[in-house]
Amino acid sequence: NNNNNNNNNNNNINKFKIISQNVKGLNSKNSFNSKLLFMLKNFKPNLLLLQETKIYNMNNLNNIYNDNFNFSLSFGPYAGVGTYFNDTPKNISNINDRLQIIEQFGLVIFNLYLPNNEDEKLDYIDILQQYIIINKNKLDNNLVFIGDFNINFNSNFINNSKSYVKFRKLMEDLNLIDVFEEENAPTFYSSISHSRIDTAFISFDVLKKYNIKSQTLSNFGSDHNAIM
């Protein structure tokens, strides 16, 4: 019986769902609040990773954001990240207003929101590289980088920007693979263009260990589609 229970527990651990979305701001007046409840009810994610929350003060949050949420407060007009979890993670570290690191399911998950400005983005990639170098002993090969990178990864678009080259190099050095590259669906829409700036990079070791299924979802009231 103990062996059967252990096998059942392992099967449960190996099945989990992660959704990520740039929410374009969370506050009591934002229509995304009701959309978020719909998402949680219908998709039942184990983790919901949010970017561009624009939360400066926890007191201004709608009361739907309970103890199952953890937010890294925003110190700029376009920043802030947050995480919803249905089971308390092993650890959540709020590194700054653009990065949370969640340890869950045997994974180290970077919930990341890169700046839109090219120079600021390059600077932040440097900060990210330094963090990884300093903490390399704490990080294993079960890495996941997911979020809004503000870099167009659409394979139909020739991207020669310094930030694209630099970030791609970082992902290659960490042996991480863009799991949405084959689907290649746009995730951000503006009045003049669309691009694939929301995605997930997953380590080769994780891809060997799990059967990963990726899918681009609706925008749920934001100007970004969610990814799952």
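Under the 4.5 Å side-chain criterion, counting only non-hydrogen atoms from C-beta, Ile151 is in contact with Ser163. Side-chain contact check for Val206 versus Phe105: every heavy-atom pair is 4.5 Å or farther apart. Contact of the Ile227 side chain with the Ile146 side chain is registered, since non-hydrogen atoms from C-beta on lie closer than 4.5 Å. Taking 4.5 Å as the limit, some side-chain heavy atom of Gln129 sits within range of a side-chain heavy atom of Leu170. Residues Phe220 and Leu36 are not in side-chain contact: their nearest non-hydrogen atoms beyond the backbone lie 4.5 Å or more apart. You'll find the side chain of Phe71 reaches within 4.5 Å of the side chain of Thr53, heavy atoms only. No side-chain heavy atom of Phe153 sits under 4.5 Å from any side-chain heavy atom of Asn159. Looking at heavy atoms from C-beta onward, Met228 lies out of side-chain contact with Ile18 at the 4.5 angstrom threshold.
For the 3.5 Å distance criterion, the side chains of Gln51 and Ser20 qualify, holding a donor opposite an acceptor. Counting only N and O atoms by type, the side chains of Asp178 and Thr199 include a donor and acceptor under 3.5 Å apart. Judged purely by distance below 3.5 Å, without hydrogens or angles, the side chains of Arg196 and Asn152 never pair a donor atom with an acceptor atom.
Contact record, Asn184 with Ser155: ND2-OG, 2.9 Å, taken as the closest heavy-atom pair.
With sequence neighbours left out, Asp148 forms a side chain to side chain donor-acceptor pair (under 3.5 Å) with Asn22. Judged as a ring-ring contact (aromatic ring centres under 6.0 Å, His included), and not counting sequence neighbours, Phe85 has no contacts.
One finds no salt bridge joining Asp205 and Lys209 here, because no Lys/Arg side-chain nitrogen approaches an Asp/Glu carboxylate oxygen to under 4.0 Å. Ion pairing between Lys213 and Glu182 fails under the 4.0 Å rule for side-chain N and carboxylate O.
The aromatic rings of Tyr210 and Phe16 stand perpendicular to each other, their planes meeting at an angle above 60°, with 30° marking the opposite boundary.
For the atom pair NZ (Lys138) and CD1 (Ile132), the distance works out to 13.5 Å, reported to the nearest 0.5 Å. The structure places OG of Ser195 at 6.0 Å from CZ of Phe188, a figure rounded to the nearest 0.5 Å. With values rounded to the nearest 0.5 angstrom, Leu107 atom CG is found 6.0 Å from Asn142 atom CG. Atom CG of Leu73 is separated from atom NZ of Lys54 by 15.5 Å, given to the nearest 0.5 angstrom. Atoms CZ and OH, on Phe69 and Tyr84 in that order, are 7.0 Å from each other to the nearest 0.5 Å. Rounded to the nearest 0.5 angstrom, Glu118 CD and Ser161 OG are separated by 5.0 Å.
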Show every donor-acceptor pair shorter than 3.5 Å between a side-chain atom in residues 42-49 and any protein atom, with sequence neighbours excluded, or say none if there are none.
{"residue": "Asn42", "atom": "ND2", "partner": "Phe38", "partner atom": "O", "Å": "2.8"}
{"residue": "Lys44", "atom": "NZ", "partner": "Lys41", "partner atom": "O", "Å": "2.7"}
{"residue": "Asn46", "atom": "OD1", "partner": "Lys17", "partner atom": "N", "Å": "2.6"}

Return all side-chain donor-acceptor pairs below 3.5 angstrom for residues 89-102, not counting sequence neighbours, or 'none' if the list is empty.
{"residue": "Asn91", "atom": "ND2", "partner": "Ser93", "partner atom": "OG", "Å": "3.1"}
{"residue": "Asn91", "atom": "ND2", "partner": "Glu103", "partner atom": "OE2", "Å": "3.4"}
{"residue": "Asn94", "atom": "OD1", "partner": "Gln100", "partner atom": "NE2", "Å": "2.8"}
{"residue": "Asn94", "atom": "ND2", "partner": "Asn70", "partner atom": "OD1", "Å": "3.1"}
{"residue": "Asn96", "atom": "OD1", "partner": "Arg98", "partner atom": "N", "Å": "3.0"}
{"residue": "Asn96", "atom": "OD1", "partner": "Leu99", "partner atom": "N", "Å": "3.2"}
{"residue": "Asn96", "atom": "OD1", "partner": "Tyr124", "partner atom": "OH", "Å": "2.7"}
{"residue": "Asn96", "atom": "ND2", "partner": "Tyr124", "partner atom": "OH", "Å": "3.1"}
{"residue": "Asp97", "atom": "OD2", "partner": "Phe75", "partner atom": "N", "Å": "2.9"}
{"residue": "Arg98", "atom": "NH1", "partner": "Tyr113", "partner atom": "O", "Å": "3.1"}
{"residue": "Arg98", "atom": "NH2", "partner": "Tyr78", "partner atom": "O", "Å": "2.9"}
{"residue": "Gln100", "atom": "OE1", "partner": "Thr83", "partner atom": "N", "Å": "3.4"}
{"residue": "Gln100", "atom": "OE1", "partner": "Thr83", "partner atom": "OG1", "Å": "2.7"}
{"residue": "Gln100", "atom": "OE1", "partner": "Asn111", "partner atom": "ND2", "Å": "3.4"}
{"residue": "Gln100", "atom": "NE2", "partner": "Asn70", "partner atom": "O", "Å": "3.1"}
{"residue": "Gln100", "atom": "NE2", "partner": "Asn70", "partner atom": "OD1", "Å": "2.9"}

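When the shell of 6.0 Å around OH of Tyr189 is examined, it contains more than 12 heavy atoms from other residues, nucleotides or ligands.
Screening residues 68-81 for salt bridge (charged side-chain N to carboxylate O under 4.0 Å, His left out) gives no qualifying pairs among residues at least two apart or on separate chains.
Here the side chain of Asn175 pairs no donor or acceptor atom with the backbone of Phe204 at under 3.5 angstrom. Looking only at distances, a side-chain donor or acceptor of Ser222 sits under 3.5 Å from a matching main-chain atom of His224. Side chain of Thr216 to backbone of Ala185: no donor-acceptor contact under 3.5 angstrom is found. Judged purely by atom type and a 3.5 angstrom limit, Asn117 uses its side chain to pair as donor or acceptor with the backbone of Glu120. Although no hydrogens or angles enter the test, the distance criterion places a donor-acceptor pair under 3.5 Å between the side chain of Ser203 and the main chain of Asn141.
A chain of hydrophobic side-chain contacts below 4.5 Å, direct or via other Ile, Leu, Val, Met, Phe, Trp or Tyr residues, connects Leu139 to Ile127. A continuous path of ILVMFWY side-chain contacts below 4.5 Å connects Leu112 to Leu174, so both sit in one hydrophobic cluster. One hydrophobic cluster holds both Val144 and Phe180 under the rule that ILVMFWY side chains link at heavy-atom gaps under 4.5 Å. Hydrophobic clustering places Val23 together with Met39 (ILVMFWY residues linked when any side-chain heavy atoms are closer than 4.5 Å, directly or through intermediates). A chain of hydrophobic side-chain contacts below 4.5 Å, direct or via other Ile, Leu, Val, Met, Phe, Trp or Tyr residues, connects Ile202 to Ile109.
Taking the six-membered ring for Trp and the full ring otherwise, the centers of Phe149 and Phe201 sit less than 6.0 Å from each other.
As a member of the Ile/Leu/Val/Met/Phe/Trp/Tyr network built from side-chain separations under 4.5 Å, Phe157 groups with nothing else and remains a singleton.
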Chi angles and distances behind the side-chain contact (heavy atoms from CB on, under 4.5 Å) call for Ile133, Tyr131: CA-CA 5 Å; Ile133 291 170; Tyr131 180 86; over 6 Å; no
Set out, in order, the CA-CA distance, both residues' side-chain angles and the distance that settles salt bridge (Lys or Arg N to Asp or Glu O under 4.0 Å) for Glu181 and Arg168, then state yes or no. CA-CA 13 Å; Glu181 189 165 27; Arg168 273 290 192 187; 3.7 Å; yes
